[in-house]
Protein chains: 2
Amino acid sequence: MPWELKSDRPIYTQLIEQIELMIVSGVYPPGSKLPSVRDMAQEAEVNPNTMQKALVKLEEDGLIITHRTSGRSITEDATMIERAKTKLAQEQVSEFLEKMQLLGFEQHEILTIINHMVKEMKK
Amino acid sequence: MPWELKSDRPIYTQLIEQIELMIVSGVYPPGSKLPSVRDMAQEAEVNPNTMQKALVKLEEDGLIITHRTSGRSITEDATMIERAKTKLAQEQVSEFLEKMQLLGFEQHEILTIINHMVKEMKK
DNA sequence: ATTATTGTATTAAGTGGTTAATACAATAAT
DNA sequence: ATTATTGTATTAACCACTTAATACAATAAT
């Protein structure tokens with residue numbers, strides 16, 4: 001988890017996205033404990049306030065539960081996590097298709113291109 | 001061209017992307033004249049300084065040419081535009097595939113999903 | 001020649017994100 | 001009981017982006 005943070009967008013939104021990604025991909029399994037705000041901030045090399053801001057948002061979304069003085073953990077609701085994963089995937093696909101169409105590619109061209117690039121990646 | 005500007009990223013970078021998109025997709029054909037900075041700024045509902053910043057960057061990239069007192073125009077080098085289009089497409093595809101893999105999808109799953117969604121869009 | 005339009009530059013103010021340095025309350029660990 | 005760790009809150013400073021208002025030089029249009 002190399003915490004890829006760019007400077008072209010607010011850091012806290014990037015933290016939200018990356019932590020969410022770690023949750024839905026199973027890096028942090030349902031019910032597992034998260035490191036403390038301070039530890040996560042140090043790990044990501046950001047200010048604790050910034051990490052806090054990201055975690056609060058994830059809690060509002062229901063993916064994370066806060067236990068006041070004993071840290072935070074991932075929700076045990078595996079269905080909710082699966083739903084988040086599906087939603088993220090659909091967003092990715094539709095954004096991708098929309099962008100490619102704006103670029104001027106027809107649907108069959110898009111399929112051809114992506115088939116070709118997937119084959120490339122298998123090497 | 002409804003100038004979709006969100007507040008989660010610098011506006012001038014979004015302007016760059018959208019103008020580039022209009023160039024490679026042919027909204028602004030090679031050699032055609034661009035509206036003045038002030039007009040484009042008003043059209044996009046941004047400050048002229050912000051639009052200026054975006055146009056300067058596009059000129060550095062070679063897609064736009066400045067004629068000091070008679071406005072700007074799109075480059076007549078169609079090859080360069082085609083190259084930009086291809087580059088943008090490849091970026092879209094690789095970013096998409098990378099994100100889907102991070103989400104935990106296998107390559108054959110990605111192909112299945114996108115085939116399915118393309119069929120949906122044809123309706 | 002005069003006027004209008006072009007890109008460009010400057011200065012000041014406002015805004016939001018980030019960092020830093022602290023502090024506090026609750027409670028788990030000892 | 002005491003200590004350490006937890007999330008949380010506050011304040012100030014800094015920085016990049018954005019807007020606003022204005023001005024200037026070059027030149028196309030009249």
Side-chain angles (χ1 to χ4, degrees), chain A residues 1-20 22-23 28-29 31-76, chain B residues 1-20 22-23 28-29 31-76:
Chain A
M1 313 134 266
W3 293 106
E4 289 189 13
L5 300 175
K6 300 179 180 177
S7 61
D8 67 335
R9 281 188 309 150
I11 293 179
Y12 81 96
T13 57
Q14 300 182 55
L15 293 176
I16 292 171
E17 292 170 1
Q18 294 195 26
I19 297 171
E20 188 173 23
M22 291 193 280
I23 295 174
Y28 290 127
S32 65
K33 197 169 179 307
L34 275 177
S36 73
V37 196
R38 293 169 176 82
D39 285 352
M40 291 188 73
Q42 190 173 18
E43 165 72 23
E45 296 177 326
V46 299
N47 189 278
N49 299 330
T50 308
M51 182 59 75
Q52 165 81 0
K53 196 170 180 178
L55 293 174
V56 165
K57 176 60 164 56
L58 287 168
E59 188 183 3
E60 290 171 358
D61 293 344
L63 288 177
I64 281 180
I65 294 173
T66 301
H67 309 289
R68 196 59 185 81
T69 61
S70 63
R72 286 179 236 253
S73 59
I74 309 299
T75 178
E76 298 190 4
Chain B
M1 313 133 268
W3 294 104
E4 289 190 12
L5 300 174
K6 300 179 181 178
S7 61
D8 67 335
R9 280 188 308 150
I11 294 178
Y12 81 97
T13 58
Q14 300 181 58
L15 293 176
I16 292 171
E17 292 170 1
Q18 293 195 27
I19 297 171
E20 188 174 23
M22 290 192 282
I23 295 174
Y28 291 126
S32 65
K33 196 168 180 307
L34 274 178
S36 73
V37 195
R38 293 170 176 81
D39 285 351
M40 291 187 73
Q42 190 172 17
E43 166 72 21
E45 296 179 326
V46 299
N47 190 278
N49 298 330
T50 308
M51 182 58 75
Q52 165 82 358
K53 196 170 182 178
L55 293 173
V56 166
K57 176 59 165 56
L58 286 168
E59 188 182 3
E60 290 172 359
D61 294 344
L63 288 177
I64 282 180
I65 294 174
T66 301
H67 310 288
R68 196 61 183 80
T69 61
S70 64
R72 285 179 239 253
S73 59
I74 308 299
T75 178
E76 297 188 4

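- For D:dT6, one of the phosphate oxygens OP1 or OP2 lies less than 4.0 angstrom from a side-chain nitrogen or oxygen of A:Ser36.
- Partners of B:Lys53 under the side-chain hydrogen bond (donor to acceptor under 3.5 Å, both in side chains) rule, at least two apart in sequence or in another chain, do not exist in this structure.
- Between the P atom of D:dA9 and the NZ atom of A:Lys53 lies a distance of 13 Å, rounded to the nearest Å.
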Does the protein touch nucleotides 19-30 of chain C at the base, only the backbone, or not at all? Give it as B, S and - per nucleotide, heavy atoms under 4.0 Å. BBB-B--BSS--

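- Taking each heavy atom of A:Gln18 and A:Leu5 in turn, the nearest pair found is NE2-CD2, 4.0 Å.
- Rounded to whole Å, the distance from CG on B:Leu5 to C1' on D:dT19 is 14 Å.
- How far CG of B:Leu15 is from CG of B:Leu58: 9.0 Å, rounded to the nearest 0.5 Å.
- Here the closest non-hydrogen pair linking B:Gly71 and B:Lys33 is CA-NZ, 4.4 Å.
- Put simply, CZ on B:Arg9 is 15 Å from P on C:dG17, counting in whole angstrom units.
- Computed from coordinates, the A:Arg72 CZ to D:dT6 C1' distance equals 9 Å when rounded to whole Å.
- Looking at B:Gln52, its side chain never comes within 3.5 Å of a backbone N or O of B:Val37 through a donor-acceptor pair.
- Scanning for salt bridge (Lys or Arg N to Asp or Glu O under 4.0 Å) contacts around B:Asp61 gives B:Lys57, with sequence neighbours left out.
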Writing each nucleotide of DNA chain C 5' to 3' as (, ), [, ], | or . by Watson-Crick or G-U pairing under 3.5 Å yields ||||||||||||||||||||||||||||||

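- Taking each heavy atom of A:Trp3 and A:Ala44 in turn, the nearest pair found is CD2-CB, 3.7 Å.
- Rounding to whole angstrom units, CD of residue A:Gln52 and P of D:dT10 are separated by 12 Å.
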Verdict with supporting geometry, B:Leu63 and B:Ile74, side-chain contact (heavy atoms from CB on, under 4.5 Å): CA-CA 6 Å; B:Leu63 288 177; B:Ile74 308 299; 6.0 Å; no

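- A 4.5 Å side-chain heavy-atom check between A:Leu55 and A:Thr66 finds every atom pair outside the cut-off.
- Residues from residues 54-63 of chain B that place a heavy atom under 4.0 Å from any atom of DNA chain D: there are none.
- Looking only at side-chain heavy atoms (C-beta outward), A:Met51 and A:Ile19 come within less than 4.5 Å of each other.
- In this entry the distance linking CD of B:Gln42 with P of C:dT5 reads 13 Å, nearest Å.
- The interatomic distance linking A:Met51 (CE) with D:dT8 (C1') rounds to 16 Å, in whole Å.
- Note: CE (A:Met40) to P (D:dT6) measures 13 Å, nearest angstrom.
- With sequence neighbours left out, the salt bridge (Lys or Arg N to Asp or Glu O under 4.0 Å) criterion links B:Glu17 to B:Arg9.
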